[in-house]
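For the single chain, residues carry numbers from 1 onward in sequence order. Counting starts at 1 for both ligands and their atoms, following the listed order.
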Amino acid sequence: MLENKVALVTGAGRGIGKAIALRLAQEKAIVIVNYNGSREKAMETVAEINTVYNMKSSGPLAGSQQAQAYQCDISDDEQCGKMIQDIIKTYGHLDILVNNAGITRDNLIMKMSDEEFDAVYETNLKGVFHTIHHASRQFLKQRSGRIINISSVSGIIGNAGQANYSAAKAGVIGLTKSVARELASRGITANVIAPGMIETDMTNALSEAVKENMLSQIPLGRIGRPEEIAGAVAFLASDEASYITGQVLAIDGGMTM
Ligand code: NAP
C-alpha cells in the first residue's frame with residue numbers, strides 16, 4: 001500500500017500513464033496527473049480516481065482530493081521546476097516520480113529531420129532529466145524517493161525507423177543508472193521499465209503490417225495491456241522493492257529475452 005505517498009506521473013491523461021495513475025491510486029497514493037495537451041483526458045483520469053478510488057486520508061491531508069491534474073510540458077525545464085515546487089508546496093513531500101510521458105516521430109534515418117530527432121530527444125530524454133533534476137533536491141532532503149522511468153525495448157535492441165526514439169530511450173537507461181548510483185546512499189531508488197508493444201494510441205497509430213511484424217517477434221504471442229506495466233510500477237514504488245535500484249525490467253512478452 002502507498003497510503004499518503006505523493007506520486008507524480010507524467011503523461012497520465014491517457015495510455016500507459018493513465019493505467020499507472022489509476023493503479024497507484026488504487027494503492028492509496030495521492031496522484032498528480034501530469035498532462036501536456038490532453039486536458040480533458042487528464043480531467044477524466046482525475047475524476048475517475050476521485051470518484052472510484054477516493055480514500056481520503058486522515059492527518060494533514062484530510063479532505064484533500066486523491067488526484068489532481070497538472071499541465072506541464074516536460075520538455076521545458078522551467079515548467080518542470082514549477083510543477084515540482086507546486087507539488088511540494090501543496091503536499092509537503094513528493095515520494096514517487098514516474099517518468100512516463102513520451103512521443104514518437106518515426107522515420108528512416110536517411111529521411112529523419114533534425115526537428116524529428118530533436119522533438120523526441122527533448123521530450124523523451126531531456127524531459128526525464130528535467131523532472132529528476134528538480135525532484136532530486138526534495139528526495140535528498142527527505143532521504144527517500146522512488147524514480148521509475150519508462151523506457152522501451154527500442155532502447156535495448158533498437159528498432160528500424162526509430163533511431164531518434166531508440167537513442168532517447170537508451171539514454172533514459174544510462175541516465176537512470178547514473179542517478180541510481182548518485183542517490184543510492186540516501187535510500188533513493190531509480191529503475192527503468194522497458195515496455196514492449198502495449199495497446200495504446202501510440203501503437204494504434206502503427207500500420208497493420210508493422211503490427212503484424214512486431215507480433216511475430218513476441219513469444220507470448222500477444223500485445224501487452226497498459227495495466228501490465230502499471231502493476232510493475234506499483235511494485236517498484238512499494239516497500240517490497242526497497243533493495244532494487246539501477247535495474248531495467250523489460251515487460252515485453254519475451255521479445256528481448
Ligand atoms: P501515448 O498513448 O501516445 O501517450 C503519451 C503520453 O505522453 C500522453 O499522456 C501525453 O500527454 C504525454 N506527453 C507527450 N509529450 C509530453 C510533454 N511534452 N509533456 C507532458 N506530457 C507529454 O503513449 P503510451 O503508449 O501510453 O506511452 C507511454 C510511455 O511508454 C512513453 O514513454 C512511450 O515511449 C513508452 N512506451 C510505449 C510503448 C507502447 O507500445 N505503447 C512501448 C514502449 C514504450 P498529452 O496527451 O497531454 O500531450
Side-chain angles (χ1 to χ4, degrees), residues 8-23 31-46 69-84 97-106 118-131 134 148-159 161-162 164-173 175-176 192-206 210-211 213-215 217-218 222-230 232-233 248-253 255-256:
L8 166 61
V9 184
T10 67
R14 56 197 178 92
I16 295 172
K18 177 175 183 173
I20 294 169
L22 291 173
R23 180 59 199 267
V31 184
I32 291 65
V33 174
N34 160 253
Y35 67 98
N36 186 27
S38 307
R39 185 171 191 278
E40 246 172 66
K41 298 233 176 233
M43 291 306 176
E44 277 168 29
T45 306
V46 166
Y70 198 109
Q71 197 280 329
C72 165
D73 175 353
I74 58 150
S75 69
D76 185 316
D77 184 53
E78 220 173 283
Q79 289 186 33
C80 286
K82 186 172 181 322
M83 172 169 65
I84 305 276
L97 169 62
V98 184
N99 281 302
N100 162 80
I103 59 168
T104 50
R105 293 284 184 276
D106 296 355
D118 289 349
V120 170
Y121 163 76
E122 292 289 336
T123 300
N124 295 12
L125 182 54
K126 278 193 86 181
V128 176
F129 161 68
H130 292 150
T131 58
H134 291 289
I148 299 150
N149 296 328
I150 308 299
S151 173
S152 166
V153 291
S154 300
I156 301 173
I157 57 172
N159 196 17
Q162 287 199 315
N164 49 358
Y165 183 80
S166 304
K169 291 298 192 182
V172 167
I173 295 174
L175 170 66
T176 309
V192 171
I193 290 174
M197 196 179 175
I198 308 297
E199 171 122 46
T200 66
D201 294 345
M202 193 177 268
T203 43
N204 287 337
L206 298 170
V210 171
K211 275 197 226 175
N213 177 44
M214 287 186 85
L215 210 52
Q217 298 169 43
I218 305 172
R222 66 169 176 87
I223 191 167
R225 297 185 303 274
E227 294 73 22
E228 291 174 308
I229 305 301
V233 172
V248 181
L249 177 60
I251 304 180
D252 61 359
M255 201 191 242
T256 56

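A donor-acceptor contact shorter than 3.5 Å is absent between the side chain of Asn159 and the backbone of Gln162. Side-chain atoms of Thr10 come within 3.5 Å of backbone N or O of Asn100 as a donor-acceptor pair. Using modelled atom types, one side-chain atom of His134 and one backbone atom of Asp77 make a donor-acceptor pair closer than 3.5 Å. Within the 3.5 Å criterion, the main-chain N or O of Gly11 finds a donor-acceptor partner in the side chain of Asn34. Formation of a donor-acceptor pair under 3.5 Å by the Thr123 side chain with backbone atoms of Val120 is not found in this model. Under the 3.5 Å distance criterion, the side-chain polar atoms of Thr203 are matched with a main-chain donor or acceptor of Ile198. Between the Thr200 side chain and the Met202 main chain, a donor and an acceptor come within less than 3.5 Å of each other. With Asn164 contributing its side chain and Arg105 its backbone, the two residues share a donor-acceptor pair below 3.5 Å.
Contacts between Thr104 and ligand 1, counted as non-hydrogen atom pairs separated by less than 4.0 Å, are absent for every part of the residue. With a 4.0 Å cut-off on non-hydrogen atoms, Thr123 touches ligand 1 through its side chain and not its backbone. Looking at Lys169 against ligand 1, only its side chain comes within 4.0 Å, counting heavy atoms. Contacts of Cys72 with ligand 1, taken as heavy-atom pairs under 4.0 Å, involve the backbone alone. Of the heavy atoms in Thr203, only side-chain atoms (C-beta onward) come closer than 4.0 Å to ligand 1. In Ala194, neither the side chain nor the backbone holds a heavy atom less than 4.0 Å from any atom of ligand 1. Only side-chain heavy atoms of Ile103 come within less than 4.0 Å of ligand 1; its backbone N, CA, C and O stay farther off. Residue contacts with ligand 1, taken as heavy atom pairs separated by less than 4.0 Å, involve Thr200 solely via side-chain atoms from C-beta onward.
Among all non-hydrogen protein atoms, the one lying nearest atom 21 (N) of ligand 1 is Ala101 CB, 3.4 Å. With hydrogens left out, the protein atom closest to atom 42 (C) of ligand 1 is Gly196 O, 2.8 Å, a heavy atom. What sits closest to atom 12 (C) of ligand 1 on the protein, heavy atoms only, is Gly11 CA, 3.6 Å. The closest protein non-hydrogen atom to atom 5 (C) of ligand 1 is Gly102 O, 3.6 Å. With hydrogens left out, the protein atom closest to atom 36 (N) of ligand 1 is Tyr165 OH, 3.5 Å, a heavy atom. Nearest protein neighbour of atom 1 (P) of ligand 1, counting heavy atoms only, is Arg14 NH1, 3.7 Å. Protein heavy atom closest to atom 32 (O) of ligand 1, with residue, atom name and distance, is Asn100 O, 2.6 Å. Ranking protein heavy atoms by distance to atom 40 (O) of ligand 1, first place goes to Ile198 N, 2.8 Å.
Polar contact with ligand 1: present for Ile74 (N/O pair, distance under 3.5 Å). The shortest N or O to N or O distance between Pro195 and ligand 1 is not under 3.5 Å.
Close approach to Met197 involves these atoms of ligand 1, each under 4.0 Å from a residue heavy atom: 40 (O). The distance from ligand 1 to the heavy atoms of Ser38 drops below 4.0 Å at these ligand atoms: 45 (P), 46 (O), 47 (O). Applying the 4.0 Å criterion to heavy atoms of Gly37 picks out, from ligand 1, the atoms 45 (P), 47 (O), 48 (O). Taking a cut-off of under 4.0 Å to the non-hydrogen atoms of Asp73, the atoms of ligand 1 that pass are 17 (C), 18 (N), 19 (N). The Asn34 neighbourhood of ligand 1 comprises atoms 20 (C), 21 (N), with distances under 4.0 Å to a heavy atom of that residue. Numbered from 1 in the order shown, with element, the atoms of ligand 1 that lie under 4.0 Å from a heavy atom of Tyr35 read 47 (O).
When the shell of 6.0 Å around NZ of Lys211 is examined, it contains more than 12 heavy atoms from other residues, nucleotides or ligands. Applying the 6.0 Å contact sphere to CD of Glu40 captures no more than 12 heavy atoms from other residues, nucleotides or ligands.
Atom CD1 of Ile16 sits about 11.0 Å away from atom CD of Glu199, to the nearest 0.5 Å.
When Ile150, Leu206, Asp76 are ranked by how near their heavy atoms come to atom 30 (O) of ligand 1, first place goes to Ile150.
Between Gly224 and ligand 1 there is no heavy-atom distance shorter than 4.0 Å.
Nearest heavy atom pair, residue Asn213 against residue Gln217, reads O-NE2, 3.3 Å.
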